[in-house]
Amino acid sequence: MQQILEAIQAGASSDEFANLAIPESYRAAFVKRDETAMFEGVDSWDKDPRTSLHIDEVATPELAPDEVYIAVMASSINFNTVWTSIFEPLPTFGFLDKMGRQNEWGKRHALPYHVVGSDASAVVVRAGSAVRNWKPGDRVTVHCNYVDDQDPSAHNDSMLATNQLIWGFETNFGALADLAVVKANQLMPKPTHLTWEEAAVNGLCSSTSYRMLVSENGAQMKQGDSVLIWGATGGIGGYAVQYVLNGGGTPIGVVSSPERAELLNKMGCEAVIDRRAENYQFWSDENNQDESEWRRFGKKIRELNGGEDVDIVFEHPGRSTMGASVFAVKRGGTVVTCAATSGYMVEFDNRHFWMKLKSLIGSHFANYAESYAANKLLDQGRIQPLLTKTYSLDDVGEASLAVHHNEAEGKLGVLCLAPSEGLGIDDPEKRERIGEDVVTMFRA
Ligand code: NDP
């Protein structure tokens, strides 16, 4: 990999890259198939990704014609790496085995180890024989929508494809590594004013929030809409706040500390609810919810929102909040959800839902067009990378634990091949135009 890094640093030509040997093995973060029972009987909270995530050399897989090898400069921690590393709700080896049964190329993925990671900023080092639009040396970011585009079900909205998978979660050879294998149609141009680590953190979370709020497949937020955002300084929540502000809406952000409330104010989100300070108890016990607590929450929202209920709720905590979200959204409003961090068996009072003609939209990552649109907004400097802290690949377990324990704000970057932070900016003038303080808003 050292030769590849030197070629990147020297700005090698496409031909020079093509002449470089692809190493037979590379450094990667992975979980092991024979360790999936290691946390049996352990409480979810105490399952420690530092024990299950290993950093070591793995064999380089063969390249399919529609794929490229990328040298990963930086990656990020997503919650899906937490799920994989605590083997919840299921070990991800089941996904890899399913791929293994699909076709010859799929067989490569069913291995005794799973290389994780779904975000990357990178340089293309080799392109398969069927790749047309990308060449070695191209500086890219990657979206994680892994779809067989020859399947007709993928043609309209590729997220509706029957074989749709998330790269590095439901496939092997993910991004928390020095090298990765991706389909060419996952590649997008790297925003030219961003460093490697800034460019690496956006793909998964920003695209997800874009589909949930902006896209015709999501809540289709309009100018003037008010949007309640759970976890508003978290990975997807922090992008959601930016999309609402960009689109002429009013975000009402929910967080769990005064420091996070302050960060929201700095982002331009004035209406903030500190859920811990308010001490909402939506569940009075394990099986029963307390409608009076939903009402107290709804009253607080109205106080912050000119006396009105919100048009949209950006929902992802799941079981702990869904009842309150469905109750609090306005008559005719929309709850859009993509996750269930606190539990997926959600419950809400259907009377409040149907009598008030509310809608619930299920959303998952983003199709090619949505990922591209989200990437373009980053490139234009209209959406900022949420990077708050950068780790080395060796400390991936530590970084995953911080996300697992809700100790991190925004996104955690991970340096893979990039030797240090601050490298990779291609257009310093553009960065100056957008403003260093704007681009680095979440770190200041
Ligand atoms: P983060 O950990 O970065 O942020 C989540 C935020 O949610 C936290 O900061 C916390 O904010 C808030 N939160 C956590 N638990 C609760 C709770 N019980 N009640 C209220 N708020 C809570 O995670 P991400 O934003 O990256 O991801 C959030 C979820 O979305 C994860 O489950 C992830 O797997 C999923 N996801 C799904 C995607 C998809 O395509 N379907 C894509 C991306 C993520 P605070 O404590 O400040 O309130």
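Scope of the values below: all heavy atoms of this structure, side chains included, with no hydrogens, waters or symmetry mates. Ligands are counted one by one from 1 in listed order, and the atoms in each one are counted from 1 as well. Residues: numbered from 1 along the sequence shown. Remember, predicted model here, so these are calculated numbers, not experimental data.
At least one N or O atom of Ser320 sits closer than 3.5 Å to an N or O atom of ligand 1. Between Arg260 and ligand 1, a contact under 3.5 Å exists for at least one N or O pair. Distances between N or O atoms of Cys338 and those of ligand 1 include at least one value under 3.5 Å. Looking at ligand 1, you'll find an N or O of Gly235 within less than 3.5 Å of one of its N or O atoms. Not one N or O of Trp230 is nearer than 3.5 Å to an N or O of ligand 1, by distance alone. Between Asn80 and ligand 1, not a single N/O pair is under 3.5 Å apart. Below 3.5 Å of separation, one finds no N or O of Thr321 facing any N or O of ligand 1.
Counting heavy-atom neighbours within 6.0 Å of Glu270 CD, excluding the residue itself, gives a total of 12 or less.
At the shortest separation from atom 42 (C) of ligand 1 among protein heavy atoms lies Thr208 OG1, 3.3 Å. Scanning the protein for heavy atoms near atom 9 (O) of ligand 1, the closest one is Asn406 OD1, 3.2 Å. Closest to atom 35 (C) of ligand 1, if we only count protein heavy atoms, is Ala339 CB, 3.2 Å. The shortest contact between atom 48 (O) of ligand 1 and any protein heavy atom is with Arg275 NE, 2.7 Å. Given atom 25 (O) of ligand 1, the protein heavy atom at minimum distance is Ile236 N, 2.9 Å.
Counting heavy atoms closer than 4.0 Å to ligand 1, residue Lys411 contributes nothing at all.
Each of the atoms 26 (O) of ligand 1 lies under 4.0 Å from some heavy atom of Cys205. Atoms of ligand 1 found under 4.0 Å from any heavy atom of Phe365, numbered from 1 in the order shown, are 39 (C), 40 (O). For ligand 1, the atoms closer than 4.0 angstrom to any heavy atom of Gly231 are 6 (C), 7 (O), 11 (O), 12 (C). Remark: ligand 1 atoms within the under-4.0 Å shell around heavy atoms of Ser342 are 18 (N). The ligand atoms of ligand 1 that sit less than 4.0 angstrom from a heavy atom of Leu204 are 42 (C), 43 (C).
The distance between the ring centers of Tyr243 and Tyr210 falls below 6.0 angstrom. For Tyr368 and His143, the distance between ring centers is under 6.0 angstrom.
When atom types are taken as modelled, the side chain of Asn305 and the backbone of Ile252 share no donor-acceptor pair closer than 3.5 angstrom. A donor-acceptor contact shorter than 3.5 Å is absent between the side chain of Gln164 and the backbone of Leu160.
Note on Glu67 versus Arg108: salt bridge recorded, some NZ/NE/NH1/NH2 to OD/OE distance being below 4.0 Å. A salt bridge links Asp48 with Arg50; the closest basic N to acidic carboxylate O contact falls under 4.0 Å. Note on Glu407 versus Lys389: no salt bridge recorded, every NZ/NE/NH1/NH2 to OD/OE distance being 4.0 Å or above.
A perpendicular orientation is assigned to the rings of Phe314 and His316, their planes being inclined by more than 60° (bins at 30° and 60°). Taking the six-membered ring for Trp and thresholds of 30 and 60 degrees, His404 and Trp45 have ring planes inclined between 30 and 60 degrees apart.
When the ring pair (Phe, Tyr, Trp, His ring centres under 6.0 Å) test is applied to Trp230, the partners found at least two apart in sequence or on another chain are Phe297.
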